[in-house]
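Read through the structure below, which is laid out as structure tokens, and then see the notes.
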Amino acid sequence: MTVEFGEESARADFRTVPYVTRPGAPVTTAASYVTEAGDPGLTPA
């Protein structure tokens, strides 16, 4: 997971790989969410 924090929002990207048994697996973003300042909860990005 990577998380970016800004002054008005935060974004989380959940990263996955299809296998972990050998090097070179491609990394993909499975889901991304954003939360805005003053607005509780997450919104799909």
Side-chain angles (χ1 to χ4, degrees):
M1 177 170 66
T2 61
V3 180
E4 295 178 21
F5 294 100
E7 297 215 9
E8 296 296 320
S9 65
R11 177 187 176 110
D13 296 316
F14 293 88
R15 308 293 307 262
T16 62
V17 293
Y19 50 86
V20 296
T21 55
R22 58 187 187 276
V27 179
T28 59
T29 301
S32 297
Y33 297 95
V34 174
T35 185
E36 301 288 336
D39 186 16
L42 299 173
T43 304

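- Evaluation of the side-chain contact (heavy atoms from CB on, under 4.5 Å) rule for P26 yields P18, Y19 as partners, not counting sequence neighbours.
- Applying the salt bridge (charged side-chain N to carboxylate O under 4.0 Å, His left out) rule to pairs touching residues 9-20 yields R11-D13, sequence neighbours excluded.
- We find the OG-CE distance between S32 and M1 to be 11.5 Å, quoted to the nearest 0.5 Å.
- Listed by chain and residue number, nothing satisfies the side-chain hydrogen bond (donor to acceptor under 3.5 Å, both in side chains) test with T2 (two or more places apart in sequence, or in another chain).
- Applying the 4.5 Å side-chain rule to ILVMFWY residues, one finds V20, V27 in the same cluster as V17.
- Counting only residues at least two apart or in different chains, side-chain hydrogen bond (donor to acceptor under 3.5 Å, both in side chains) contacts with residues 33-45 are absent.
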